**Q** 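My questions all concern the structure below.
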Amino acid sequence: IMMVNWIDKMFKHSFSKEWFETYWAFDVHGVILYPNYRKNQFHATFYPWAKEALQLISKRPDIVMIMYTSSYPAEIQYYNGVFKHFNINFRYVNENPEIDTAKGNFGHYDKKFYFNVLFEDKAGFDPETEWKPIHDLMKYYEDTKYLPDSNWSTKY
C-alpha cells in the first residue's frame with residue numbers, strides 16, 4: 001500500500017505542476033523478477049501481478065519507464081527481450097537523459113538521474129504484497145481515463 005499512496009500523491013503533484021511525463025525507475029531483481037544470483041544463467045520469473053501491473057504502466061503515454069539495475073549487459077539484453085515480449089517497455093536503462101543539469105532547475109543530475117517513482121526492494125518495496133494494489137490502481141486510472149493533459153510538458 002505504501003507505493004500506491006506514493007503514486008497517488010506523485011500524480012496529484014505532477015498534475016498541479018502541469019507535468020505531462022513522469023519518470024519511474026524499476027529495479028529488476030527482487031522487484032519485478034525473483035532474484036537469480038547465478039551469472040550467465042538467465043531466467044525471468046515474475047512476481048505475482050508484476051507483469052500485469054507493468055503492462056498497464058507501459059500503456060500510459062505519460063510514464064517513462066527506466067530499468068534500474070546492476071545486471072550485466074548480456075543480462076539486460078535478455079531481460080529487455082523478455083519484457084518487450086510481454087509488452088513491458090523500458091525507454092532507458094540506468095539513465096534519464098530527458099532531465100539533466102543543463103536542461104533545467106530540478107537539481108544537479110550529473111551522477112544521479114531524475115525519477116518520480118522508485119521501485120526498489122532495498123528501499124522497502126515488497127513485491128509479494130505491492131504489485132496487486134498497484135495493478136488495481138493502474139486499472140482504475142485506465143478505466144477512469146486518469147491522465148494528464150497531453151498539452152502539458154515538463155517545466156524547466
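Everything quoted here is computed from the prediction, not taken from an experiment. These values consider heavy atoms only, across backbone and side chains, with no hydrogens, waters or symmetry-generated copies.
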**Q** Is the closest side-chain donor-acceptor distance between His135 and Tyr140 under 3.5 Å?
**A**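 Short answer, no.
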**Q** Can you name the ring-ring contact (aromatic ring centres under 6.0 Å, His included) partners of Tyr68, sequence neighbours left out?
**A**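 ring-ring contact (aromatic ring centres under 6.0 Å, His included) check on Tyr68 returns Phe113.
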**Q** To the nearest 0.5 Å, what is the distance between CD on Glu75 and CG on Asn80?
**A**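 With rounding to 0.5 Å, CD (Glu75) is 12.5 Å from CG (Asn80).
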**Q** If the condition is side chain to side chain contact (heavy atoms under 4.5 Å, CB included), which residues does Ser150 pass it with, not counting sequence neighbours?
**A**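 For Ser150, the residues satisfying side chain to side chain contact (heavy atoms under 4.5 Å, CB included) (neighbours in sequence not counted) are Phe20.
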**Q** Using the test side chain to side chain contact (heavy atoms under 4.5 Å, CB included), find all partners of Leu137 that sit at least two apart in sequence or belong to another chain.
**A**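 Per chain and number, Leu137 pairs via side chain to side chain contact (heavy atoms under 4.5 Å, CB included) with Val4, Ile7, Tyr141.
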**Q** For Tyr47, what residues pass the ring-ring contact (aromatic ring centres under 6.0 Å, His included) criterion, not counting sequence neighbours?
**A**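 Tyr34.
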**Q** Any chance the rings of His43 and Tyr78 have centres within less than 6.0 Å?
**A**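 No.
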**Q** What residues form a salt bridge (charged side-chain N to carboxylate O under 4.0 Å, His left out) with Lys139, not counting sequence neighbours?
**A**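 By the salt bridge (charged side-chain N to carboxylate O under 4.0 Å, His left out) rule, Lys139 matches Glu142, Asp143.
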**Q** Shortest non-hydrogen contact from Asp121 to His29?
**A**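 The pair with the smallest heavy-atom distance is OD1-O, 3.5 Å.
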**Q** With a 6.0 Å cut-off on the ring centroids, do Trp6 and Phe11 count as close?
**A**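 No, the ring centres sit 6.0 Å or more apart.
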**Q** Is it the case that the ring center of Phe115 lies less than 6.0 angstrom away from the ring center of Tyr23?
**A**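 No, the ring of Tyr23 stays outside the 6.0 Å limit from the ring of Phe115, centre to centre.
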**Q** Mind checking side chain to side chain contact (heavy atoms under 4.5 Å, CB included) for Met2 and listing every partner two or more places apart, or none if nothing turns up?
**A**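 With sequence neighbours excluded, Met2 shows a side chain to side chain contact (heavy atoms under 4.5 Å, CB included) to Glu130, given in chain and number order.
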**Q** Sequence neighbours left out, what passes salt bridge (charged side-chain N to carboxylate O under 4.0 Å, His left out) with Asp62? Give chain and number order.
**A**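 Listed in chain order: Arg60.
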**Q** Is there a side chain to side chain contact (heavy atoms under 4.5 Å, CB included) between Glu98 and Arg91 once you walk through the steps?
**A** CA-CA 11 Å; Glu98 295 183 23; Arg91 190 176 302 176; 2.6 Å; yes
**Q** Do you know which two heavy atoms are closest between Ile66 and Phe90, and how far apart they sit?
**A**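 So the minimum-distance heavy-atom pair works out to C-CD2, 3.5 Å.
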**Q** What about the rings of Phe15 and Trp152, do their centers lie closer together than 6.0 Å?
**A**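 Ring centroids of Phe15 and Trp152 are less than 6.0 Å from each other.
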**Q** As a test of understanding, state which of Phe119, Phe83, Phe125 forms a side-chain contact (heavy atoms from CB on, under 4.5 Å) with Phe26.
**A**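 Output: one option passes, namely Phe119.
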**Q** Residues in salt bridge (charged side-chain N to carboxylate O under 4.0 Å, His left out) with Asp136, at least two apart?
**A**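 Once residues adjacent in sequence are excluded, the partners of Asp136 under the salt bridge (charged side-chain N to carboxylate O under 4.0 Å, His left out) criterion are Lys132.
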**Q** Of the non-hydrogen atoms in Trp131 and Val31, which two are nearest, and what is the gap between them?
**A**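 The pair with the smallest heavy-atom distance is NE1-O, 2.7 Å.
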**Q** Could you check whether any side-chain N or O of Asn96 sits under 3.5 Å from a backbone N or O of Tyr114, counting only pairs where one atom can act as donor and the other as acceptor?
**A**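 Indeed, once roles are kept as given, a pair shorter than 3.5 Å links the two residues.
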**Q** Who passes side chain to side chain contact (heavy atoms under 4.5 Å, CB included) against Glu95, sequence neighbours left out?
**A**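 Once residues adjacent in sequence are excluded, the partners of Glu95 under the side chain to side chain contact (heavy atoms under 4.5 Å, CB included) criterion are Tyr92, Pro97.
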**Q** Taking side chain as C-beta onward, heavy atoms only, is Ser71 less than 4.5 Å from Tyr79?
**A**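 A side-chain contact under 4.5 Å exists here.
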**Q** List the atom pairs, donor and acceptor, that lie under 3.5 Å between side-chain atoms in residues 50-58 and the rest of the protein, sequence neighbours left out.
**A**
{"unit_1": "Gln55", "atom_1": "NE2", "unit_2": "Phe86", "atom_2": "O", "d": "2.8"}
{"unit_1": "Ser58", "atom_1": "OG", "unit_2": "Leu54", "atom_2": "O", "d": "2.9"}
{"unit_1": "Ser58", "atom_1": "OG", "unit_2": "Asn89", "atom_2": "N", "d": "3.0"}

**Q** So which atom in Pro127 and which in Gly30 form the shortest heavy-atom distance, rounded to 0.1 Å?
**A**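 It is CG-O, 3.2 Å.
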**Q** Can you see which heavy atom on Leu147 is nearest to which on Pro61, and at what distance?
**A**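 Scanning both residues, the minimum pair turns out to be CD2-CD, 4.3 Å.
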**Q** Using the test salt bridge (charged side-chain N to carboxylate O under 4.0 Å, His left out), find all partners of Lys112 that sit at least two apart in sequence or belong to another chain.
**A**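 Checked Lys112 against salt bridge (charged side-chain N to carboxylate O under 4.0 Å, His left out); zero matches.
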**Q** Side chain to side chain donor-acceptor pair (under 3.5 Å) with His13: which residues, sequence neighbours excluded?
**A**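 For His13, no residue satisfies side chain to side chain donor-acceptor pair (under 3.5 Å) once neighbours in sequence are set aside.
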**Q** Please answer whether the main-chain N or O of Thr69 pairs with a side-chain N or O of Asn94 as donor and acceptor at a distance below 3.5 Å.
**A**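 Answer holds: yes.
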**Q** Give the C-alpha distance, both sets of side-chain angles, the deciding distance and a yes or no for side chain to side chain contact (heavy atoms under 4.5 Å, CB included) between Met67 and Ile76.
**A** CA-CA 9 Å; Met67 190 185 309; Ile76 292 170; 4.2 Å; yes
